[in-house]
Amino acid sequence: MTAGLVAAPSAVDDVARGRVRRAVRWRAVVTVLAVLVVLTYVLTLMVGRTFYPPGDVVRVVLGQDVPGASFTVGRLRLPRATLAVVAGLSFGLAGVTFQTMLRNPLASPDVIGISTGASAAAAVAIVLLGLGGTAVSVFAIVAGLVVAVLIYLLAYKDGGAGTRFILIGIGMAAMLHSVIAYVLSRASQWDYQEALRWLSGSLNGVTWDRTVPALVVLVVLGPVLLTQTRALEAIQLGDDTASALGVRVERTRLLAMVAAVGVLAFATAACGPIAFVAFLAGPIAARVVGPNGSLLLPAALVGALLVLVADLCGQFAFGTRFPVGVVTGVLGAPYLIYLIVRSNRVGGSL
Amino acid sequence: MTLDHALTADALTLGYGERTVIDGLDLVVPPGRITAIVGANACGKSTLLRSMSRLLAPRSGQVLLDGKAVHRMPAKELARTLGLLPQSPIAPEGITVSDLVGRGRHPHQKLLARWSREDDEAVAEALAATQTAELADRSVDELSGGQRQRVWIALALAQRTDVLLLDEPTTFLDVSHQIDVLDLLTTLNHTRGTTIVMVLHDLNLAARYADHLIALAAGRLHAAGPPEQVLTPQTVQAVFGLSSEIITDPVSGKPLMVPRGRHHDLARQDLARQDLARQDLAREDPVREDLVPEEPAREAMEREVGVGRLS
């Protein structure tokens with residue numbers, strides 16, 4: 001090989017052009033996703049037993065008094081739709097963070113039991129301990145972190161995550177599901193809605209006091225996660241490569257894990273672990289964005305879109321109203337099976 | 001030419017868990033030269049390289065870069081001077097060549113800073129040097145092993161470090177790609193003065209391409225110096241437990257190690273043939289036990305030639 005070591009200016013321009021082209025595509029995809037989220041959000045506010053035109057909805061959102069709409073849209077639909085967006089963003093962001101950090105699409109917090117842990121803790125706090133508000137969220141986040149750390153310690157072997165991590169996580173999720181089932185069986189009154197919320201996630205009966213904490217935490221921790229984008233992308237190349245690139249791998253992983261579990265747990269405390277949103281958002285975003293840039297923001301937007309659309313379908317597409325988690329579960333389960341089948345075919349390396 | 005950096009190890013002891021892998025090693029890497037670390041499997045070559053790039057904290061002693069302990073330097077600062085290509089880096093699914101190589105710019109980028117012209121130049125240069133510019137938009141998954149290894153080297157080049165460590169950069173490559181990669185590293189060293197330290201499996205390629213050989217045996221430094229001094233039958237025997245002869249490589253003029261092995265040594269073949277004939281005879285006629293030598297000539301000969309540790 002007798003290559004010269006200095007690149008011609010035209011070659012530099014080629015590189016710059018390719019980079020700009022990718023950045024433009026990435027921005028276009030993010031813009032389209034954001035517009036879709038806003039449109040679906042507004043649509044969610046419009047439809048229901050009574051239909052309100054966009055004008056009314058916008059006026060209510062801006063705080064003006066519109067007879068009828070102010071109560072239905074402002075009190076009933078707005079907190080619900082807002083939580084749908086907040087939870088979707090939170091699940092999407094947390095999911096893709098885990099998937100990137102652990103280099104595995106199966107390593108999503110809702111597959112490996114972290115969401116289930118947060119959900120079980122919230123159920124214990126509410127049903128058994130009679131707690132409410134922030135205390136529930138604190139319970140959820142602590143449990144989420146404990147589960148994450150526990151899986152990490154149990155799976156830790158030469159610093160490797162891989163299949164062990166996933167399998168231990170799936171076992172953990174099964175165990176925590178039984179905790180939820182136990183808690184629900186001890187509830188003084190059997191509440192079907194409550195049960196569905198902790199088992200597969202539901203947006204029914206959402207009020208502002210549940211939505212606001214999740215929103216605040218997302219606003220604080222979301223940007224923290226986004227600043228870790230480049231470090232996480234370096235970790236994707238392997239811990240050694242990342243470290244050689246000047247990334248402090250363990251510190252980045254810890255920071256990303258705490259922040260991701262934080263947004264995830266607060267959203268889970270509000271609406272339960274909406275099934276498979278965290279798991280699906282990253283791979284769908286990867287499909288849409290292609291090899292053009294970071295997946296964190298697109299995955300968050302895909303998450304929001306998933307929850308909004310699934311909630312609309314759950315409410316109006318069928319004769320009966322289904323909670324949102326049932327709809328996302330129907331979408332997610334086949335994909336989970338597909339991933340496992342594919343990984344077995346490639347040689348079981350997941 | 002780049003600034004010369006002094007990379008040294010000072011009474012370095014490394015290990016995993018209970019096991020000590022490197023024991024009190026002192027080492028000087030000659031700046032601006034190519035150094036190859038050689039040794040038998042599990043002698044601590046890769047462990048040493050990992051510690052030099054601070055992937056592994058020393059039990060005692062230290063690795064110094066320009067007099068500063070690498071394990072106490074800020075991560076990004078170190079990564080701007082010293083790069084590492086690990087043995088098995090991971091390419092995320094679907095990643096393109098230019099994206100992968102661009103990630104080499106990480107230590108030069110501030111938290112939220114945008115890409116600079118310098119970043120583009122570094123990437124273009126890395127692609128040109130490794131002849132991967134025409135692959136820039138391809139997905140890394142689709143590349144051949146040789147192409148892929150060149151892309152990984154491009155990633156390390158985009159980092160623009162004056163010192164580059166490589167852990168077995170030629171593993172899994174066929175012989176022509178091995179030469180490609182080593183020629184590329186030599187060009188890099190000659191044109192930019194990049195200090196290169198690599199772990200190599202192939203003793204002859206190491207002797208050919210390195211200015212400086214470091215031979216490790218059981219976690220200790222056995223010999224270090226120019227290949228002509230280090231690569232001797234005695235070193236090969238001590239480091240690999242292999243009997244060999246050293247001749248001069250007719251192409252490069254560097255030392256070339258020729259292993260003896262058990263079967264193809266012309267000087268031993270007569271002896272071995274007699275030995276085999278006697279054993280065959282004994283097998284055909286078990287009554288004639290007197291023909292079975294108490295100590296087979298073969299073993300005696302092996303002891304004399306010094307290949308006893310071969311098996």
Side-chain angles (χ1 to χ4, degrees), chain A residues 1-23 99-100 103-105 158-159 162 223 226-252 283 286-287 289-295 346, chain B residues 50 53-55 74-80 82-96 98-100 102-104 106-107 109 111-112 115 117 119-121 123-131 133 136-137 139 152 155-156 159 165 167 179-181 183-184 187-188 191-192:
Chain A
M1 213 183 277
T2 52
L5 283 178
V6 175
S10 67
V12 181
D13 289 337
D14 281 348
V15 169
R17 253 196 308 277
R19 177 173 56 72
V20 169
R21 195 183 57 229
R22 287 197 303 275
Q99 287 164 332
T100 308
R103 300 183 278 270
N104 192 329
D158 308 325
L226 292 178
T227 60
Q228 298 303 306
T229 301
R230 279 188 189 150
L232 288 172
E233 284 180 346
I235 289 178
Q236 267 191 311
L237 308 179
D239 289 0
D240 288 359
T241 314
S243 180
L245 289 173
V247 174
R248 298 174 68 176
V249 175
E250 290 308 321
R251 204 179 70 164
T252 304
R287 233 357 108 73
V289 173
N292 294 309
S294 156
L295 290 184
V346 191
Chain B
R50 285 173 64 82
S53 55
R54 84 172 214 172
L55 291 180
K76 276 194 170 183
E77 186 189 320
L78 178 69
R80 286 193 288 266
L82 185 144
L84 165 78
L85 182 60
Q87 204 169 351
S88 43
I90 301 160
E93 213 179 307
I95 193 172
T96 59
S98 54
D99 186 4
L100 184 83
R103 292 188 187 184
H106 185 268
Q109 291 167 331
L111 195 60
L112 294 170
W115 271 65
R117 182 76 184 169
D119 292 327
D120 286 332
E121 278 168 10
V123 171
E125 203 176 286
L127 293 174
T130 52
Q131 297 187 331
D137 292 325
S139 164
W152 284 113
L155 168 88
Q159 204 175 334
L165 313 182
D167 195 355
I179 300 295
D180 263 1
V181 163
D183 278 348
L184 164 65
T187 310
L188 189 70
T191 53
R192 280 201 209 148

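Below, chain A is the first sequence line, B the second, and so on; all start at residue 1. Predicted, not measured: the structure shown is a model, and the values here were computed from it. Both backbone and side-chain heavy atoms feed into the values below; hydrogens, waters and symmetry mates do not.
Between A79(B) and A244(A), the shortest heavy-atom distance links the atoms CB-O, 3.4 Å. P291(A) and G94(B) make their closest contact through CB-O, 3.6 Å (heavy atoms, listed as atom of the first residue, atom of the second, distance).
Rounded to the nearest 0.5 angstrom, I235(A) CD1 and I90(B) CD1 are separated by 11.0 Å. If you take CG on L84(B) and OG1 on T241(A), they are separated by 7.5 Å, rounding to the nearest 0.5 Å. Atom CG in L245(A) sits 12.5 Å away from atom CZ in R80(B) (nearest 0.5 Å). Note that CG of L55(B) and CG of D239(A) are 9.5 Å apart. Values are rounded to the nearest 0.5 Å. For the atom pair CG (L237(A)) and CD1 (I95(B)), the distance works out to 6.0 Å, reported to the nearest 0.5 Å.
Heavy atoms of R251(A) lying under 4.5 Å from chain B are absent altogether. With a 4.5 Å cut-off on non-hydrogen atoms, L155(B) touches chain A through its side chain but not through its backbone. Only the side chain of D137(B) comes within contact range of chain A, with heavy atoms under 4.5 Å apart. Only the side chain of L127(B) comes within less than 4.5 Å of a heavy atom in chain A; its backbone stays farther off. With a threshold of 4.5 angstrom between heavy atoms, Q159(B) approaches chain A through side-chain atoms but not through N, CA, C or O.
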Q: I would like to know whether V12(A) and R117(B) meet side chain to side chain contact (heavy atoms under 4.5 Å, CB included); could you show each step before the answer?
A: CA-CA 8 Å; V12(A) 181; R117(B) 182 76 184 169; 3.5 Å; yes
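Top candidate by heavy-atom pairs under 4.5 Å with chain A, chosen from R103(B), R50(B), E93(B), is R103(B). Put simply, of K76(B), H106(B), R54(B), the one with the most heavy-atom pairs under 4.5 Å next to chain A is H106(B).
Side chains of S98(B) and R22(A): a donor on one and an acceptor on the other come within 3.5 Å.
Listed by chain and residue number, nothing satisfies the salt bridge (charged side-chain N to carboxylate O under 4.0 Å, His left out) test with R230(A) (two or more places apart in sequence, or in another chain).
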